Amino acid sequence: MSGRRQYPFHLIEPKWQQHWDEQQTFRAWNPGEVVPENHPFAQRHGGDAMAAGHQPPPKYYILDMFPYPSGAGLHVGHPEGYTATDILARYQRARGRHVLHPMGWDAFGLPAEQYAIKTGQHPRKTTETNIATFKRQIKSLGFSYDWTREVDTTDPEYFKWSQWIFLKLYNSYFDPELNKAQPIELLEDALSENPTRKNEWKNNAFLVGTHEGWLSLKETARSQARNLFLAGKRLAFVTEAPVWWCEQLGTVLANEEVVDGKSEVGGFPVVRKPMRQWMLRITAFAERLLSDLDTIDWPESLKEMQRNWIGRSEGAEVHFQISNSESQITVFTTRPDTLFGATYMVLAPEHKLVDQITTPEQRDAVAKYKADVTKKSDLERTELAKDKTGVFTGAYAINPVTKQQVPIWIADYVLASYGTGAIMAVPGHDTRDFEFAEKFNLPIVQVVQPPDSKTDWHGFTDDGTVVNSTNAEISLDGLTTAEAKTKITAWLESRGFGKKTINYKLRDWLFSRQRYWGEPFPIVWKRDASGNLYHEALPESALPVLPPKLDDYKPTPDGQPPLARAQDWVNLPDGSTRETNTMPQWAGSCWYYLRYLDAKNPNAFVSKDAENYWMGSRRGNEADKSTNPPPHVGGYETPGVDLYVGGTEHAVLHLLYARFWHKVLFDLGYVSTREPFFKLVNQGLILGEDGQKMSKSRGNVVNPDDILVEYGADAFRLYEMFMGPLEMSKPWNTKGVEGVYRFLGRVWRLFVDEQSETEFEQAETTAETQRCRELLDILKLNLTIKDVPATPAQLKTLHATIKKVTEDLDGMRFNTAISAMMVFVNEAMTWETKPISVLRDFLILLAPFAPHVAEELWAKLHSSLITHHSSLSSASLSSASLSYAEWPKFDSALLVEDTLEIPVQVNGKLRDVIKAAIDADNATLEAAAKASEKAKPFIDGKTIKKIIIVPKKLINIVVG
RNA sequence: GCCGGUGUGGCGAAAUGGCAGACGCACAGGACUUAAAAUCCUGGGACCGUAAAAAGUCGUGUCGGUUCGAGUCCGACCACCGGCACCA
């Protein structure tokens, strides 16, 4: 253990936390707000800085991924990111930026609900308890959050706006020509006005064939058709589709929440089950979600994960005529150049043509295979991937280029959910098709010649030269793969056999859950005159839609969501019924960063002014919005969130969903940027002391509360940053905390008089005064601290530190910034006289990292100045709050040395270090190097071929 | 299999192509102390030397290349971590 306490952090930290709270020191101000004169922000920027007509200070929006307040409390991983952002928030505040640094709770979620099912305790209660714990723990770390902007996704005043955004999605459609979301009213209007849209209208399958026919419909039928049509266009829509159903959780899950055939939460098995569900049309935004990644400053690996998830691939659709049938099978292929090698076709077992084309002889085999496949969980389907299975349907299709009849099979290696659910099999040049063809003795032909003639063409999938690909109309032979793709696609298009297309892996977002603890949908179901069910949005005035009170939070026995138990809530007086699904947890986290901007606004999810100030960039808004903003505008005003810090676990869930919602809000004119998070950094994992991931079962979990009691928040913060680069995974080492704790102790002793410290400790031993903050007044400033001018050497030390810390903070290199401060303190400890001005600047550097001890010493420095040095200049006396003190500037002129130590190398190996004047010319340096006694033995007897002189750096003598 | 990241002392790490190992941990020796804790000082990559030094040689996952000079740039490979994975 640490033994004697290094300094009284147990008194200092609560004292300053309370002070910041009471003064609302870190409150950020919205446009139009008047800042009280005594607030440190007003002292720095003026009380009317945010008033209309004033140029407000440049903003800096720095955001943490808000936590899910679990019952387990904070772990040491949480404060890692929070400390990094807090240091930058405090640093930017010192640099004069108006910092928005908020915190809140992503509090809907399964654990509170499962606890409710077990114990009957309302999830609200569990959530409130957990939030209280998290808040206490986070506050004890002294972060400079603006708590007036705290959000809680489960607060009706918050989720009212989540529901409001859902209504925006519901009442919008995607216009492919404009490539953007539009209000659904435009589509309704266009139906009757715009001829091309009329066609679209007419061609919808569920409608009568002609516009005239449409007009002849009775009003009720027309209204029904209209509802159906619009329902099919909305960004939020209902579909009956196979979804992931998790029996144990009693809910459906999104693709993103299913990992290896199991639920991401709990690891329970999931099965495919057709159910009526709400979906969000994220696929319409696939291209923008992909291409806009190029405009934001995110880690490449994270962008790559999103790109993979979106999974864009360019290729062609090709239609194959089914023999003896009117029907066609359309396939998607990225290799149209290999069309001549397509010797069979495969449909996914779920493909809708399967039953239609299967011949009577094959019917039993096909039925059996289909039954087998549905029984398999997805896990089994992928685990058994090595061995291909499938059945012949008995039907044939015609290859459009070879005109040959090719057999149509079904196999579960073709997925119903990707492309068209059907493939043309080219066993010569596709690994899977090759395996399948080998197993079932299907013909394999070569159509690509590998560049290296020694390479076996069987199953060769790379690019090469096309062979065996000629018919009466077209020949691809001799072309490269790329050329052949272009040529055959053009030919297919000209003949109506297909066309160029782009396919995405991204699926629409399954947006409903059979849960209690989530946002209810602002939707009711009604029946039209012919008794058909249709959905209708509630008006904005009906928001928030609160969940009903329940005694039992389980789903109903017949599989209805828990909300269905509240019959008096579900059934409305007019005969309509409420939607009983709830939204997924992601709903609240999709837009919370916008609510922070104007967290208490009862009239809008965010006011236009607040959104403009915090998210827009003055520079960015002047630029044409249709062009992408440059990834990093060197100046200090950036669009969107300036910095977002969090773990990689949200790479394809939260971060993709939030970008999607943001784009819809952008299209509809509610936000001013295309992207929400301009720069994003992933913090690395903190591993256990044993180098393994921390987990209860390993017993290597470190509880932050224990560390705080032993070493204090400042040491904890410092250690989290000193461990290594933020983005890296690194093992925890409590001994390392002691190291930075000792450093803070040295800082303390640099400032505090030893004699007074002894008095303080004696006073503290009395039981009744132990926790008394007034005791801190006993402590006096070290007598070696004097109001004297700094020596050149002292200035050099200080300015080298300012330079290093400033540059390292700009580059988020917290660990090396801390080591620079350690070097400073080690050096300053040796000074007999310590100039106040130097120590004062040092405290400003230290403050972002260790704010409590810095504030305490700052206060001591200034109160002591007022008592003892009343004649001091105002510059060194300025006692404005440390949190808003101006960041010191370094003067490079002070860092210049008059003599330098210059290494002398012979053939690149270090042989000596010589002293030289800073302005020594090359001839002088060369002479000095040649004269070096230590280098001489390596030069003597050899000829000097050349001498490399890097001014102020190095001399290298090359001999031969 | 594909994509991304990382390999440097006993450990966490640091190094615009220019003195490898700053800073810290752990360790060892010393000072202070009745003693301990705390604090302060000193030491340290390996090898070879030596009474102790000095000098020297090797050294940033492996092999090769570019360069006067490579932890850093290029090529091939190996190991570990993370993600994706029958995506046509």
Side-chain angles (χ1 to χ4, degrees), chain A residues 1-6 259-260 299-305 307-309 311-313 315 331-335 338 346 381-382 384-386 388 411-415 417-426 430-433 435-436 461 503-506 648-649 651-652 682 684-685 687 689 691 693 719 722-725 727-740 742-743 745-746 749 754 804 813 815-823 826 829 901-913 934 937 945-950 952-960:
Chain A
M1 287 287 101
S2 61
R4 200 186 114 160
R5 186 180 288 127
Q6 289 276 353
V259 178
D260 290 338
E300 198 46 44
S301 61
L302 201 154
K303 287 190 186 181
E304 208 47 37
M305 278 189 229
R307 288 189 191 110
N308 290 338
W309 192 263
R312 182 187 200 269
S313 50
V331 301
F332 172 73
T333 178
T334 55
R335 293 296 300 272
T338 62
V346 187
R381 224 166 130 161
T382 45
L384 303 174
K386 299 140 219 163
K388 296 270 180 301
D412 66 0
Y413 83 89
V414 173
L415 309 175
S417 57
Y418 181 77
T420 61
I423 61 155
M424 63 177 216
V426 183
D430 180 279
T431 315
R432 296 149 304 179
D433 298 345
E435 282 172 22
F436 193 82
T461 59
N503 229 299
Y504 299 92
K505 278 201 274 183
L506 187 69
T648 41
E649 66 273 19
V652 286
N682 289 125
L685 232 44
L687 308 171
E689 300 226 22
K693 289 183 190 178
Y719 176 65
F722 189 59
M723 291 166 86
E727 323 81 58
M728 301 279 229
S729 288
K730 52 235 160 203
W732 179 270
N733 176 11
T734 299
K735 283 284 180 195
V737 187
E738 282 184 38
V740 291
R742 278 201 279 267
F743 161 67
R746 281 201 298 282
R749 291 189 294 278
E754 226 183 305
K804 180 76 178 146
R813 293 180 297 267
N815 54 334
T816 49
I818 293 167
S819 80
M821 292 189 288
M822 289 173 165
V823 171
N826 289 345
M829 288 292 253
E901 296 199 330
I902 300 200
V904 176
Q905 298 183 338
V906 179
N907 284 353
K909 290 196 174 162
L910 179 74
R911 298 302 176 188
D912 196 7
V913 177
K934 289 181 181 166
K945 285 186 176 163
K946 77 169 136 171
I947 296 185
I948 317 268
I949 297 177
V950 185
K952 298 178 193 176
K953 280 277 185 203
L954 162 142
I955 303 161
N956 187 12
I957 302 170
V958 185
V959 298

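A, B, ... follow the sequence lines: proteins, then strands. Residue 1 opens every chain. Since we're looking at a predicted model, the values are computed, not measured.
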S.K.: Could you tell me the Watson-Crick or G-U partner of B/A26, where both distances fall under 3.5 Å? Say none if there is no partner.
M.R.: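 No nucleotide pairs with B/A26.
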
S.K.: Within the structure shown, what part of the strands sits under 4.0 Å from A/Asn503 by heavy-atom distance: base, sugar-phosphate, or nothing?
M.R.: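 Counting heavy atoms under 4.0 Å across all strands, no contact is made by A/Asn503.
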
S.K.: Quote, to the nearest angstrom, the P distance that separates B/A52 from B/C47.
M.R.: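 After rounding to an integer number of Å, I get 15 Å for this pair.
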
S.K.: May I ask you to decide if A/Pro725's main-chain N or O and A/Lys730's side chain share a donor-acceptor pair within less than 3.5 Å?
M.R.: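 Between the backbone of A/Pro725 and the side chain of A/Lys730 there is a qualifying donor-acceptor contact (under 3.5 Å).
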
S.K.: May I ask you to say what A/Pro725 touches in the nucleic acid, namely base, sugar-phosphate or nothing, with a heavy-atom cut-off under 4.0 Å?
M.R.: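 Sugar-phosphate contact only - A/Pro725 comes under 4.0 Å of backbone atoms but never of a base.
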
S.K.: Give the rounded distance in Å between these two atoms: CZ of A/Arg813 and C1' of B/C23.
M.R.: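 Rounding to the nearest Å, CZ of A/Arg813 and C1' of B/C23 are 15 Å apart.
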
S.K.: Just name whichever nucleotide pairs with B/U39, Watson-Crick or G-U, keeping both distances under 3.5 Å, else none.
M.R.: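 Across any shown strand, B/U39 pairs with B/A31.
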
S.K.: Rounded off to whole Å, could you give me the NZ-to-C1' distance for the A/Lys953 and B/C68 pair?
M.R.: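 Going from A/Lys953 (NZ) to B/C68 (C1'), I get 17 Å.
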
S.K.: Check if the side chain of A/Asn308 and the base of B/C84 share a donor-acceptor pair of N or O atoms closer than 3.5 Å.
M.R.: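 For A/Asn308, whose side chain was compared with the base of B/C84, there is no donor-acceptor pair (under 3.5 Å).
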
S.K.: Give A/Val950 one of three labels, base, sugar-phosphate or nothing, depending on what nucleic acid heavy atoms sit under 4.0 Å from its own.
M.R.: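 Base: the residue A/Val950, judged by heavy atoms under 4.0 Å, touches a nucleobase.
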
S.K.: Short question: side chain of A/Tyr719, backbone of A/Asn733 - any donor-acceptor pair under 3.5 Å?
M.R.: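 Between the backbone of A/Asn733 and the side chain of A/Tyr719 there is a qualifying donor-acceptor contact (under 3.5 Å).
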
S.K.: Whole-Å distance between B/A22 P and A/Phe743 CZ?
M.R.: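 The distance from CZ of A/Phe743 to P of B/A22 comes to 18 Å, rounded to the nearest Å.
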
S.K.: Could you identify the nucleotide paired to B/A85, looking across every strand shown and requiring Watson-Crick or G-U wobble geometry with both distances under 3.5 Å?
M.R.: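 No nucleotide pairs with B/A85.
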
S.K.: From the set B/G12, B/A14, B/A88, return the single nucleotide nearest to any side-chain atom of A/Met723.
M.R.: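 Shortest atom-to-atom distance from the side chain points to B/G12.
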
S.K.: For A/Lys505, report the nucleic acid contact type (base, sugar-phosphate, nothing); a contact means any heavy atom under 4.0 Å.
M.R.: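 Result for A/Lys505 = base.
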
S.K.: Write down the distance separating the P atoms in B/C27 and B/C80, rounded off to the nearest Å.
M.R.: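 Per the computed distance, 32 Å lies between those P atoms.
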
S.K.: So, does A/Arg746 get its side chain near the phosphate of B/G24, meaning an N or O under 4.0 Å from OP1 or OP2?
M.R.: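 So the side chain of A/Arg746 is within the cut-off, an N or O lying under 4.0 Å from OP1 or OP2 of B/G24.
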
S.K.: Provide the distance between the two P atoms, one in B/G5 and one in B/C73, to the nearest whole Å.
M.R.: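 Their P atoms lie roughly 12 Å apart.
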
S.K.: Give A/Asn956 one of three labels, base, sugar-phosphate or nothing, depending on what nucleic acid heavy atoms sit under 4.0 Å from its own.
M.R.: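 The residue A/Asn956 makes base contact.
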
S.K.: Would you say A/Asn815 reaches B/A14's phosphate, i.e. side-chain N/O to OP1/OP2 under 4.0 Å?
M.R.: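 A/Asn815 to B/A14 OP1/OP2: side-chain N or O found under 4.0 Å.
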
S.K.: Please check: side-chain N/O of A/Asp430 versus main-chain N/O of A/Asp433, any donor-acceptor pairing under 3.5 Å?
M.R.: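 Flag set: sc A/Asp430 to bb A/Asp433 pair under 3.5 Å.
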
S.K.: Within the structure shown, what part of the strands sits under 4.0 Å from A/Asp433 by heavy-atom distance: base, sugar-phosphate, or nothing?
M.R.: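 No contact at all - A/Asp433 keeps every heavy atom at 4.0 Å or more from the nucleic acid.
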
S.K.: Test for a donor-acceptor pair under 3.5 Å between the base of B/C68 and the side chain of A/Lys945, counting only N and O atoms.
M.R.: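 A donor-acceptor contact between them is absent.
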
S.K.: Please measure how far the C1' atom in B/A55 lies from the corresponding atom in B/G49, and state the result in whole Å.
M.R.: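 Taking atom C1' in both B/A55 and B/G49, they lie 9 Å apart.
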
S.K.: Could you tell me if A/Gln6 and A/Arg746 have a donor-acceptor pair between their side chains, going purely by distance under 3.5 Å?
M.R.: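 No donor-acceptor contact under 3.5 Å links the two side chains.
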
S.K.: RNA chain B: A/Thr420 or A/Met305, which has the more 5' nearest nucleotide?
M.R.: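 It is A/Met305 whose nearest nucleotide is closer to the 5' end.
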
S.K.: Indicate, with a heavy-atom threshold strictly under 4.0 Å, whether A/Arg749 touches base, sugar-phosphate, or nothing.
M.R.: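 Touches sugar-phosphate only.
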
S.K.: Quick check on A/Glu649: does its CD atom have over 12 non-hydrogen neighbours (other residues, nucleotides or ligands) under 6.0 Å away?
M.R.: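 Enclosed.
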
S.K.: Mapping A/Gly736 and A/Lys804 onto RNA chain B by nearest heavy atom, which one lands closer to the 5' end?
M.R.: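 It is A/Lys804, whose closest nucleotide lies nearer the 5' terminus.
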
S.K.: In whole Å, what separates the P atom of B/C40 from that of B/G4?
M.R.: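 Result for the P pair: 48 Å, nearest Å.
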
S.K.: Report yes or no: does A/Arg335 contribute a side-chain atom to a donor-acceptor pair with the main-chain N or O of A/Thr461 at less than 3.5 Å?
M.R.: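 At least one qualifying donor-acceptor pair exists.
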
S.K.: Could you check how far NZ of A/Lys735 sits from C1' of B/C27, rounded to whole Å?
M.R.: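 It works out to 12 Å between those atoms.
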
S.K.: So does A/Lys909 get a side-chain nitrogen or oxygen closer than 4.0 Å to the phosphate oxygens (OP1/OP2) of B/C58?
M.R.: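 So the side chain of A/Lys909 is within the cut-off, an N or O lying under 4.0 Å from OP1 or OP2 of B/C58.
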
S.K.: Strictly below 4.0 Å, N to O, side chains only: are A/Glu300 and A/Arg307 in salt-bridge contact?
M.R.: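 Salt bridge flag = yes for A/Arg307 with A/Glu300.
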
S.K.: Looking at A/Asn682 and A/Glu727, would you say the former's side chain and the latter's main chain have a donor-acceptor pair under 3.5 Å?
M.R.: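 Judged by distance alone, no pair lies under 3.5 Å.
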
S.K.: Can you find a side chain N or O atom of A/Arg742 that sits less than 4.0 Å from OP1 or OP2 on B/A26?
M.R.: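 Yes, A/Arg742 has a side-chain N/O under 4.0 Å of OP1/OP2 on B/A26.
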
S.K.: From the options B/A88, B/U39, B/G12, select the nucleotide whose nearest atom is closest to the side chain of A/Asp430.
M.R.: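 Looking only at side-chain atoms, A/Asp430 lies closest to B/A88.
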
S.K.: Suppose we define a pair by two distances each less than 3.5 Å, Watson-Crick or G-U wobble; what does B/G69 pair with here?
M.R.: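 Across any shown strand, B/G69 pairs with none.
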
S.K.: Tell which nucleotide pairs with B/U57, taking only Watson-Crick or G-U wobble pairs whose two distances are both under 3.5 angstrom.
M.R.: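 Because both required distances fall under 3.5 Å, B/U57 counts as paired with B/A46.
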
S.K.: Quickly work out the A/Lys693 NZ to B/C81 C1' distance and round it to whole Å.
M.R.: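 My rounded result for the distance is 8 Å.
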
S.K.: Check every strand shown and say whether A/Arg911 touches a base, only sugar-phosphate, or nothing at a heavy-atom separation below 4.0 Å.
M.R.: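 A/Arg911: backbone/sugar contact only, no base atoms under 4.0 Å.
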
S.K.: Looking for any heavy atom pair under 4.0 Å, which part of the strands does A/Lys730 touch: base, sugar-phosphate only, or nothing?
M.R.: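 Since only primed, P, OP1 and OP2 atoms lie under 4.0 Å of A/Lys730, the category is sugar-phosphate.
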
S.K.: Just compare B/C19, B/G18, B/G24 and give me whichever is closest to any side-chain atom of A/Ile948.
M.R.: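 Side chain of A/Ile948 sits closest to B/G18.
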
S.K.: Identify whether any heavy atom of A/Ser417 sits under 4.0 Å from a base atom; if not, whether one sits that close to sugar-phosphate; answer base, sugar-phosphate or nothing.
M.R.: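 No contact at all - A/Ser417 keeps every heavy atom at 4.0 Å or more from the nucleic acid.
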
S.K.: Can you tell me the distance, in whole Å, between the CD atom of A/Glu738 and the C1' atom of B/C27?
M.R.: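 These atoms are roughly 15 Å apart.
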
S.K.: Using Watson-Crick or G-U wobble geometry with both distances below 3.5 Å, tell me the partner of B/G75, or none.
M.R.: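 In the structure as shown, B/G75 has B/C63 as its Watson-Crick or wobble partner.
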
S.K.: Any side-chain N or O of A/Asn826 under 4.0 Å from OP1/OP2 of B/G24?
M.R.: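 Answer yes for this pair, as a side-chain N or O of A/Asn826 is under 4.0 Å from OP1 or OP2.
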
S.K.: Tell me the interatomic distance from A/Glu727, atom CD, to B/U6, atom P, rounded to whole angstroms.
M.R.: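 It is 9 Å, rounded to the nearest whole Å.
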
S.K.: So, does A/Ser301 get its side chain near the phosphate of B/G82, meaning an N or O under 4.0 Å from OP1 or OP2?
M.R.: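 No, because none of the side-chain N or O atoms of A/Ser301 sits under 4.0 Å from OP1 or OP2 of B/G82.
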
S.K.: Under a 90° cut-off about 0 for the syn range, is B/G9 syn or anti?
M.R.: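 You should classify B/G9 as syn.
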
S.K.: Write down the distance separating the P atoms in B/G12 and B/U50, rounded off to the nearest Å.
M.R.: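 Rounded to whole Å, the distance is 35 Å.
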
S.K.: Donor-acceptor pair, distance only, cut-off 3.5 Å: does the side chain of A/Lys303 make one with the backbone of A/Ser301?
M.R.: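 Checked: no pair found.
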
S.K.: In whole angstrom, give me the gap between the P atoms of B/G59 and B/G65.
M.R.: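 One P to the other, the span is 14 Å.
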
S.K.: Say we look at B/A37 and B/G45: how far apart would their C1' atoms be, to the nearest angstrom?
M.R.: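 Taking atom C1' in both B/A37 and B/G45, they lie 33 Å apart.
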
S.K.: Rounded to whole angstroms, how far apart are CD on A/Gln905 and C1' on B/U67?
M.R.: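 For the pair A/Gln905 CD and B/U67 C1', the rounded distance is 12 Å.
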
